[in-house]
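Step one of this worksheet: look at the structure below.
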Amino acid sequence: MDWNAELVNSAWWLLKAYLVTLVIFFISLFLLARSTVWGRQFWALTGGYFSPKRSWKPILGLCVILLLTLFAVRMDVLFSMWYNTMYTSLQNLDEATFWFAMWLFAILASIHVIRALIDFYIQQSFIIHWRKWLNEHLLSRWLDNQAYFRTQYLEKGIDNPDQRIQQDVTLFAESSLSLSMGVINAVVSTIAYTLILWGLSGPLALLGIEIPRGMVFMVFAYVLIATVFAIRIGRPLILLNFLNERFNADYRYALVRLREYAESIAFYAGEKVEGALLRSRFAQVIGNAWAIVRRSLQFLGFNFVVSQTAAVFPFIIQAQRFFSKQISLGDLVQTSQAFGRLQENLSFFRTAYDQFASYRATLDRLSGFTSAIEQAHRLPAPAIRADGTRLALENLSLSTPAGQVLLRDLSLEVAPGKPLLIRGPSGSGKTTLLRAIAGLWPYSEGAIVRPAHGTLFLSQKPYIPLGTLRDALYYPDSPGREAIDNPDPKGYRQSRAASDSSALKNLDGLLSAAHALNAPPALSATDETAVKALQDVQLGHLASRLDETADWGRILSLGEQQRLAFGRLLLAKPVAAFLDEATSAMDEGLEDAMYRLVRQQLPEMMLVSVGHRNTLFAHHPAHLVLAGKGSGKWEIHD
């Protein structure tokens, strides 16, 4: 074998194979995206990432990965030829050719290692950038138009959106690349090794009929039959993998809720009920896991039988030609390797069926997620318009999702400095009215006029974000806003440096250090303002802990959280504020002090409150009384 000519031929082969594969690859993607359900799902989910209008980098990266994949195929072919040269030199006791083969192996192995490392880096880089875009794409759509909230109004909601954004995106990106390149590798390798096996195989006598190049036809028939049976055995794995993701996510969500509502559950002594729920959901996980094991056992067992049989099949077929000296030992070994690789490549769809099943389940979950977001975006929204600082309702009607009337033709206007109190029996639509004003309630008619900016809603249980007490006080704004809008990866660099130098061997310590570095910086210009706000709402004892990162939602009592929300109100200085039972956890003295504080510091703010206490009357000269009971009636009292 002339290895100098073979290396030149390899370069030409790589060029021609690359151009042909590139054209076929993109045509196949186009046809799959147009003609198959999962192809349309794929393109709808990630087509924007590969759009040349956005950037050419993903397409160029994919082209480079494709080139490296074909390079790997050609390297396998060259190694197959090398084995032929090496074993033939051993059979012929040709020492010079043997040592030439050793030097040749060193060159081929070096090229192979360098190619593999470059391929690994480029593929991982491609996946990371793809994950980053997918995460931002889905996260933005999930947050836009408050889809994260509005999906609860859908007839069929969405389960475990956190898992779909975090875990399924990663699996989707990794599986898409590995399976697509696996298919290309299998197809191109099949062509290359079919040509090798065609040159090595001789006639095969079967039932008295001599078949030229019979081994080639045998391996195709062998794998085709095995693949048909494997697909029949493995088909249920698609549904089982989908259920596996769902059941595990449901169990994890139940565990998170146990931690989130730990105090309430402890007060109720609800451990038995929660334990029964957790064990029930875990039983679903285990039951489905056993179903996967049983089906995988059949699938893997069949694959093992097929693979082990294929290991000796070429030796049996070629033995007679070897012993009759028609072929050399190198030819025999290369035949075995070519047969094995050809059988392996043709069996790709059989052996990778469980990966396809898992991938299809992941694709279905992400497609279902994006479909739910689109449905949420299509839900009707209240007609809200801005007219300066005016706050008014014009012929506003509200109903439940079932069509029951809550409020009919309400018209009113809230004047600056004249707070409005909304009263009525439970279920009359008081909180629903605030949701409509906020733009959250889709089942409404009429018009809502409110300031375009400068509105703040305080709920009965205030939201306390993760981070420092200062973050919670300024939420949704922050004195460290630049740290959010322009994130600095210093925490990442610090973590990587610590990992590289083994400076921190305690992983919890490393995590805490990185978290502290990422915390918004304390700005001295805001210290006095923040401290004064805490003192005004009678939380001055927390002033020294402003920049302490903790789970403040658990540390602070509900009454303290409500007072913190009033501090948030004083700092934000909104044009209009809406308070939904925002003092329910305070005693009457604290409630009176908070309202007096607001009236004193923000006298011109338009204030709307929902509450039941008679003590609120003194702070609200105007009252809106909802009749409830499905009548939709209302009255305004001064």
Side-chain angles (χ1 to χ4, degrees), residues 17-56 58-63 65-67 69-70 73 126-127 130 133-134 137-138 141 156 164 168-169 171-191 220 223-242 245 345-375 377-378:
Y18 179 66
L19 294 176
V20 172
T21 305
L22 196 64
V23 173
I24 295 176
F25 177 68
F26 283 107
I27 291 177
S28 299
L29 287 181
F30 176 78
L31 293 177
L32 289 173
R34 295 291 297 272
S35 60
T36 64
V37 174
W38 63 271
R40 289 191 291 270
Q41 289 177 330
F42 174 89
W43 191 252
L45 183 65
T46 195
Y49 179 69
F50 293 99
S51 173
K53 295 180 180 179
R54 189 193 69 86
S55 175
W56 280 95
I59 296 178
L60 292 176
L62 196 58
C63 291
I65 292 172
L66 182 59
L67 176 63
T69 300
L70 295 177
V73 173
F126 183 85
I127 289 173
W130 195 1
W133 183 90
L134 277 170
H137 175 65
L138 293 179
R141 296 189 63 192
K156 185 178 180 180
R164 302 191 189 213
D168 288 344
V169 161
L171 292 174
F172 171 75
E174 292 176 348
S175 299
S176 295
L177 186 61
S178 64
L179 288 174
S180 61
M181 291 302 112
V183 169
I184 291 172
N185 188 296
V187 171
V188 177
S189 293
T190 296
I191 297 173
F220 274 89
V223 173
L224 180 62
I225 295 172
T227 300
V228 170
F229 280 99
I231 290 176
R232 291 177 63 89
I233 296 172
R235 183 179 294 275
L237 286 172
I238 294 178
L239 177 61
L240 291 174
N241 277 288
F242 180 88
E245 296 289 339
N345 293 321
L346 288 172
S347 302
F348 174 79
F349 295 99
R350 171 174 57 84
T351 56
Y353 192 81
D354 56 339
Q355 297 178 43
F356 277 107
S358 179
Y359 176 71
R360 183 63 188 272
T362 299
L363 185 58
D364 284 342
R365 286 178 57 79
L366 287 175
S367 297
F369 180 57
T370 56
S371 176
I373 293 176
E374 291 172 358
Q375 293 177 47
H377 287 172
R378 288 196 297 265

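Residue Pro58 comes nearest to Phe126 through the heavy atom pair O-CE1, 3.3 Å, listed as atom of the first residue, atom of the second, then distance. When all heavy atoms of Trp38 and Leu363 are compared, the closest pair comes out as O-CD2, 3.4 Å. Heavy-atom minimum distance, Gln41 versus Ser367: CB-OG, 3.3 Å. Nearest heavy-atom pair across Arg54 and Tyr49 is NH2-O, 3.0 Å. Pairing each heavy atom of Arg141 with each of Ile373, the nearest pair is O-CG2, 3.4 Å. Smallest separation of non-hydrogen atoms from Leu45 and Trp133: O-CZ3, 3.9 Å.
In this structure, the side chain of Arg164 does not engage the main chain of Val169 through any donor-acceptor pair within 3.5 Å. With hydrogens and angles ignored, the 3.5 Å screen pairs a side-chain donor or acceptor of Ser178 with a backbone N or O of Ser175. Looking at Tyr18, its side chain never comes within 3.5 Å of a backbone N or O of Leu66 through a donor-acceptor pair. Under the 3.5 Å distance criterion, the side-chain polar atoms of Thr69 are matched with a main-chain donor or acceptor of Ile65.
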Verdict with reasoning, Leu366 to Leu138, per side chain to side chain contact (heavy atoms under 4.5 Å, CB included):
CA-CA 9 Å; Leu366 287 175; Leu138 293 179; 4.0 Å; yes
Step-by-step side chain to side chain contact (heavy atoms under 4.5 Å, CB included) determination, Ile59 to Phe26:
CA-CA 10 Å; Ile59 296 178; Phe26 283 107; 4.2 Å; yes
Trace of the side chain to side chain contact (heavy atoms under 4.5 Å, CB included) decision for Phe369 with Asp168:
CA-CA 11 Å; Phe369 180 57; Asp168 288 344; over 6 Å; no
For Val23 and Leu19, what are the C-alpha separation, side-chain angles and deciding distance, and is it a side chain to side chain contact (heavy atoms under 4.5 Å, CB included)?
CA-CA 6 Å; Val23 173; Leu19 294 176; 5.8 Å; no
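The distance between the ring centers of Trp130 and Phe50 falls below 6.0 angstrom.
To the nearest 0.5 Å, atoms CG (Leu134) and CD1 (Ile127) are separated by 11.5 Å. Rounded to the nearest 0.5 angstrom, Leu62 CG and Leu177 CG are separated by 7.0 Å.
For the residue pair Thr370 and Glu374, no side-chain donor N or O sits within less than 3.5 Å of a side-chain acceptor on the partner.
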